[in-house]
Each structure stands twice: as structure tokens, then as C-alpha cells.
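What follows is a single structure, written as C-alpha cells, with notes after it.
Numbering starts at 1 and runs along the sequence shown.
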Amino acid sequence: MSLESVKAFFANKAPEIKIIELPTSTATVALAAEAHGVEPGQIAKTLSITAKEQTILIVTRGDARIDNRKFKNRFGAKPRMLDAESVLAQTSHPIGGVCPFGLPSALPVYCDLSLKNFDEVVPAAGATNSAVRISPQQMAELVAAEWIDVCQ
């Protein structure tokens, strides 16, 4: 269902972008980077976080970490990662396939400025073996993301 919602999202909003489905897992940054032949930073990981009782998605470069001070300055709270069950309930995507595309309901999406270091990034596409290749700018535009600086 999750992969299907991402396919429907791209068919509707950006039919030129093809979903890549691999026979192996790309559920971690290291696995995804190896499978797609890119450096770990080019993997666009989507973090599901609660801040002040609101779920938000933050897309960062694969090798980046959230800077707690920057996050608290921006959102007024400490970041709290959702558990796997909550991630699935909020996004319809399993851990390892979480992305800002094809969500069952609107969630605030933020893209960290660290993604702008690349012309192309590789975010997951709703399954632990699927992804897309996309420019950070197009990704942000497609999901109406706000650019922020919350990583180290």
C-alpha cells in the first residue's frame, strides 16, 4: 500500500520521475548508498519526529545528524523520534522506506539545507527496497517543504 501511494503520488505530480525497485533491502543509509552507487550523504533520509505534540518530517542528507540545539531553537522543543508503529500509522511507510511522498494525510515537511550540497539525492519511496533519484529542489517543491538548518 505504501509503495502504491508513492507511485500514485509521482504519477500525478511528476510522471517523469521513475521509482527504482531493487531486489535487495535499502533500509539503511549504508545499504542504500551501496545499492544506488552514491555516497551516504546523497541518501535523503526522512526522520519522523514529534515536537510539541505535532508530528513533522525532516529530510536530511544520509550522513547528517540532528543538532538538538538548532532543533530546539527552531521548534521550541526537543526532537523525539517516533517509534516504528507510530511512523507507520502517521506516514503509511515502514521504517527504512519512510519518505515525504504519498502520505495518507498532510504532515509538515522540512528539508535540511545540507541536502543542497547535492544536485541529486536518493530518498526512499515507501518501501525498504524502493527509491527515486531527484534534485533536492524538486523534492522540496513537490512536498511543499520548508528549508531549515537543523543538522550538525
Side-chain angles (χ1 to χ4, degrees), residues 1-64 66 71 74-75 79-148 150-151:
M1 179 66 144
S2 181
L3 177 57
E4 294 309 312
S5 70
V6 174
K7 286 180 179 180
F9 174 90
F10 280 106
N12 183 42
K13 296 198 178 257
E16 74 281 4
I17 295 181
K18 303 300 177 210
I19 294 180
I20 304 161
E21 293 180 71
L22 298 175
T24 59
S25 174
T26 55
T28 67
V29 170
L31 289 172
E34 184 177 334
H36 293 287
V38 298
E39 62 182 91
Q42 240 178 309
I43 301 301
K45 66 181 175 185
T46 302
L47 305 173
S48 303
I49 298 175
T50 299
K52 289 189 170 179
E53 307 302 318
Q54 180 181 29
T55 298
I56 62 173
L57 300 180
I58 299 180
V59 187
T60 72
R61 57 185 285 153
D63 57 0
I66 294 289
F71 186 94
R74 174 63 177 82
F75 294 102
R80 301 209 187 279
M81 300 294 289
L82 271 63
D83 61 45
E85 185 177 310
S86 297
V87 169
L88 189 59
Q90 292 281 325
T91 68
S92 81
H93 307 318
I95 297 290
V98 178
C99 62
F101 318 115
L103 302 171
S105 59
L107 290 173
V109 178
Y110 300 90
C111 288
D112 188 74
L113 291 173
S114 63
L115 292 169
K116 289 188 174 186
N117 293 336
F118 302 101
D119 294 330
E120 181 181 73
V121 292
V122 185
T128 58
N129 66 329
S130 65
V132 295
R133 289 180 174 265
I134 190 169
S135 75
Q137 191 60 43
Q138 185 179 18
M139 177 177 61
E141 288 169 7
L142 285 172
V143 299
E146 180 182 335
W147 288 100
I148 60 173
V150 293
C151 288

Search all heavy atoms of [X] against all heavy atoms of [Y] and return the closest pair with its distance.
X    : Y   : result
A124 : G96 : CB-O, 4.0 Å
L115 : A44 : CD2-CB, 4.0 Å
R61  : G41 : CB-O, 3.1 Å

Partners passing side chain to side chain contact (heavy atoms under 4.5 Å, CB included) against A35 (at least two apart in sequence or in another chain):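 Here the qualifying residues are L22, T26.
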Partner set under side chain to side chain contact (heavy atoms under 4.5 Å, CB included) for A140, not counting sequence neighbours: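 Here the qualifying residues are C111, A145, W147.
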Results of salt bridge (Lys or Arg N to Asp or Glu O under 4.0 Å) for E146 - residues two or more places apart only: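 E146: salt bridge (Lys or Arg N to Asp or Glu O under 4.0 Å) contacts with R74.
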Look up atom [atom1] in [X] and atom [atom2] in [Y], then write down how far apart they are to the nearest 0.5 Å.
X    : Y    : atom1 : atom2 : value
I148 : T60  : CD1   : OG1   : 10.0 Å
L142 : Q137 : CG    : CD    : 10.5 Å
C99  : M139 : SG    : CE    : 10.0 Å
I43  : F118 : CD1   : CZ    : 9.5 Å
C151 : I66  : SG    : CD1   : 4.5 Å
F71  : I49  : CZ    : CD1   : 5.0 Å

Pairs satisfying salt bridge (Lys or Arg N to Asp or Glu O under 4.0 Å), at least one member in residues 112-138, at least two apart: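 For residues 112-138: E120-R133.
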Salt bridge (Lys or Arg N to Asp or Glu O under 4.0 Å): pairs with one or both residues in residues 35-52, sequence neighbours excluded: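 Matches after skipping sequence neighbours: none remain.
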Kindly indicate whether the side chain of [X], heavy atoms from C-beta on, has any atom under 4.5 Å from the side chain of [Y].
X    : Y    : value
I19  : L3   : yes
I134 : V121 : yes
T91  : L107 : yes
S48  : S86  : no

Within residues 85-104 or reaching into it, pairs that qualify as ring-ring contact (aromatic ring centres under 6.0 Å, His included) - sequence neighbours excluded: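 ring-ring contact (aromatic ring centres under 6.0 Å, His included) check on residues 85-104 returns F9-F101, F10-F101.
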Donor-acceptor contact below 3.5 Å, side chain T128 vs main chain S25: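 Absent.
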Under 3.5 Å donor-acceptor, S92 side chain and P104 backbone: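 No, S92 side chain to P104 backbone: no donor-acceptor pair under 3.5 Å.
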